[in-house]
Amino acid sequence: MMNENTVIQTVPVLTNDPGQQPLPVGTLIEGFEIQDVIGIGGFGIVYKAFDPMLQRQVALKEYLPATLAQRIEGGAVRVREARHKNTFDAGMRSFINEARLLAQFDHAALVKVYRFLEMAGTAYMVMPLYQGQTLKQYAENCKGPLPESQVVNWLVVLTQALEVMHTQQCYHRDISPENIIIEESTGRPILLDFGAARRAIGSVSQPFTVILKASYAPIEQYAEVPSMTQGAWTDVYALAAVAHFLITGKTPPSSVGRLVNDNYQTLSSQPQLPYSPHVKLAIDRALAVQPQDRTANMALFRQALQTEPQDILSLVDQASNTEPVAANTNPIEANKTSSQSHLWSKKWILASVLALTIAAVGLAAMLSSNSPAQPNAAQAGVSATDSTPVIPLPDNALDPSFQAVIQRANNPLNIRMDKTTLKIGEDLLHFQVESPIAGFVAVYVRTSDQSLIQLLPNARVPALAIEANKPLNLPPANEPIQAAGPAGENQFLVVVTEQARNYEHLNMSDHYGFGLIQTNQLRHDLAVHALEGISACNAPSCTDRMAAAWFSVDEVD
């Protein structure tokens, strides 16, 4: 296979095309002396060169797309036919822009660019000379499965490097084991070959099947799905596919094929794989076909890979007689040292608490405030699927703070549930909210031991938007909430307001991003309707209607 990366090969791949022949040894490119050929690919040639100014060897990458241009006498590059000139120029602009971008980034796992040059009808990129094997070669040469610690360490480093790129709104979009080198001297993974020129040329003249690696490209990278936006989640999918290859020795099924028939076998369902459940689950979630179901960014992917599920009892204290836990306190140590604190026994928290962040695609959407007129209503509406009827408790058994919000709501919400009785340690909570107004969602739970928790919004999800008359599934598929016991009833309140509300008056204790409400510390004048939040609407033209509903769930052994 042709190699376009800055990896030293024992035997370079040469070509019989005289127009694609590399520059001869000894050629000077702005003072850099070519010493050898590292590799030849369809879009360029990589040379081993010597920098006499700094007395070091470097990699020199030349832009030379084989189908569009050729070498001419004197070593210059010229397009083969005039009709190819616009495509050739577009690829060279992307090649140069890639060099400029890479020169800005500072991370050990990102290939550095010392200089870029334009001359002789083409462009050159001067980079460090990395020596080692591609990740694909490394994995294929390794006998038996790679150790979990090694795989996770590599992934952590790569997520950090990609996060540096993503902060500049720059996405790799060509991550694969062939484009990652394991440096011989350090064992560190280095991400290579951004493929900018390849993508630019492909978008002009070639089908996407030529420029995408089917097993590593998520669905939004295909031309057939132009409505799906690309972002950090695009690189998350590709890196998770690399992880899948490292763990199983095989690539996951093509994302296009999975749209029709998803035959992906989750890593979590393969106990024979010698990896921790939380690592396998993190990769499964990052490989979700639909972007909105996928891990949203590199930080979340890294957290999921590193965070083992913990006993939820160690994470949240009971509302009474508890002290807030410092943000930098280890939750296990906090649990050990808080022997006098009563623990919050009803644990409606994500199975991986630190991974709780709604996909950025759904959060950032700005919703239209033009919703159809709805009749005023003083009560909340709760409905169910045909198979599972929801029978709410009598009003006098409902938490008074929930009842106060519902009585003041302008509209009811429609809530549908999969189950209203959940088996501890097995069943997951699923419900669907449909609102007559567009706005922002807040969710509370009153547990059987009378703890009051604000689940949404929280420190990681400062605003969760909902569209009018469009069902919203909660919790998201990649953030499950499991019944964790002990047995008893939990009451949930769901509130939708047209404007994002302020909840500072609740004086919540921060327990790993959730809001633990100290009801005895609420201001008396706000206590009755505290859960509504404080609206910023002051002008007569500002509307901030509210819709609300409640439901209950029983946990059973």
Side-chain angles (χ1 to χ4, degrees), residues 98 101-102 104-111 135 148-177 179-182 188-195 213 216-221 228-247 252 255 267 275-276 278-308 350 352-364 459-462 476-479 513:
E98 176 186 326
L101 276 172
L102 287 171
Q104 297 175 22
F105 300 138
D106 184 18
H107 192 281
L110 292 177
V111 62
L135 190 55
E148 177 181 313
S149 59
Q150 185 177 39
V151 172
V152 172
N153 286 340
W154 283 344
L155 293 174
V156 167
V157 171
L158 292 169
T159 58
Q160 291 169 339
L162 287 161
E163 195 172 8
V164 170
M165 289 176 49
H166 292 172
T167 58
Q168 301 298 318
Q169 303 301 305
C170 179
Y171 309 108
H172 191 286
R173 297 183 292 183
D174 194 22
I175 300 168
S176 70
N179 286 343
I180 300 169
I181 177 180
I182 303 302
R188 179 180 58 229
I190 300 173
L191 192 58
L192 303 169
D193 195 4
F194 284 49
K213 297 179 177 69
Y216 299 95
I219 188 62
E220 63 266 24
Q221 280 192 261
M228 290 187 179
T229 58
Q230 297 183 34
W233 49 93
T234 303
D235 284 347
V236 166
Y237 184 98
L239 186 58
V242 169
H244 186 282
F245 167 76
L246 294 177
I247 289 177
S255 58
L267 301 180
Y275 291 83
S276 299
H278 73 278
V279 172
K280 293 190 282 189
L281 183 60
I283 296 168
D284 288 338
R285 290 174 178 170
L287 282 173
V289 176
Q290 297 292 345
Q292 65 268 24
D293 296 332
R294 195 181 309 152
T295 306
N297 56 53
M298 289 296 165
L300 291 176
F301 188 27
R302 184 168 60 253
Q303 287 175 354
L305 288 167
Q306 294 179 301
T307 306
E308 280 194 67
L350 297 182
S352 296
V353 175
L354 295 179
L356 174 64
T357 301
I358 307 295
V361 193
L363 295 180
R460 293 173 296 272
V461 187
N478 61 341
E479 295 167 358

Can you confirm whether Q303 sits close enough to L300 that some side-chain heavy atom of one is under 4.5 Å from a side-chain heavy atom of the other?
yes
* State whether the side chain of N179 and the backbone N or O of D174 hold a donor-acceptor pair below 3.5 Å, judged by distance alone. => yes
Before you tell me yes or no, could you show the steps for Y237 and E220 under side chain to side chain contact (heavy atoms under 4.5 Å, CB included), namely the whole-Å CA-CA distance, both residues' side-chain angles and the distance that decides it to 0.1 Å? CA-CA 10 Å; Y237 184 98; E220 63 266 24; 5.6 Å; no
| So, R294 side chain and A288 main chain: donor-acceptor pair closer than 3.5 Å or not? | yes
Sequence neighbours excluded, the answer for side chain to side chain contact (heavy atoms under 4.5 Å, CB included) partners of Q290 is M228, L259, Q292, D293
Tightest non-hydrogen contact, residues S255 and V289, listed as O-CG1, 4.1 Å
Review point. Under a 4.5 Å cut-off applied to non-hydrogen side-chain atoms, are L158 and M298 in contact?
Key: no
Here the gap from L191 atom CG to S176 atom OG, rounded to the nearest 0.5 Å, amounts to 9.0 Å
query: Going by heavy atoms in the side chains, are Y216 and P177 under 4.5 Å from each other?
result: yes
For W154 and I182, what are the C-alpha separation, side-chain angles and deciding distance, and is it a side chain to side chain contact (heavy atoms under 4.5 Å, CB included)?
CA-CA 9 Å; W154 283 344; I182 303 302; 3.8 Å; yes
With side chains defined as the heavy atoms from C-beta onward, is the minimum distance between N153 and V157 less than 4.5 Å? no
**OP:** Please assess V236 against T159 for the test side chain to side chain contact (heavy atoms under 4.5 Å, CB included), listing each intermediate value before the final yes or no.
**Re:** CA-CA 8 Å; V236 166; T159 58; over 6 Å; no
Rounded to the nearest 0.5 Å, the CG atom of L135 sits from the CD1 atom of I190 at a distance of 12.0 Å
What one should report as the nearest heavy-atom pair of L155 and A243 is CD1-CB, 3.7 Å
Heavy atoms of L246 and Y275 approach each other most closely as O-OH, 4.2 Å
Interatomic distance, CG@L305 vs CD1@I283, rounded to 0.5 Å, equals 6.0 Å
With sequence neighbours left out, the residues meeting side chain to side chain contact (heavy atoms under 4.5 Å, CB included) with A238 are I175
Check the pair S276 / E148 against side-chain hydrogen bond (donor to acceptor under 3.5 Å, both in side chains), numbers first and verdict last.
CA-CA 8 Å; S276 299; E148 177 181 313; 2.9 Å; yes
Output for pair (L110 CG, L192 CG), nearest 0.5 Å, gives 9.5 Å
Within the 3.5 Å criterion, strictly below it, is a donor on N297 or H166 matched to an acceptor on the partner's side chain?
no
Between M165 and Y171, the two heavy atoms sitting closest are CE-C, 3.8 Å
Here the pair of heavy atoms bringing V242 nearest to I180 is CG1-CD1, 4.3 Å
For residues 158-170, the salt bridge (Lys or Arg N to Asp or Glu O under 4.0 Å) pairs (sequence neighbours left out) are E163-R302
Heavy-atom nearest pair, V156 first then Q306, reads CG2-NE2, 3.7 Å
Q. So do D235 and R173 actually touch side chain to side chain, heavy atoms under 4.5 Å?
A. yes
Fill in: Side-chain donor/acceptor of T234 to backbone N/O of G231, under 3.5 Å
yes
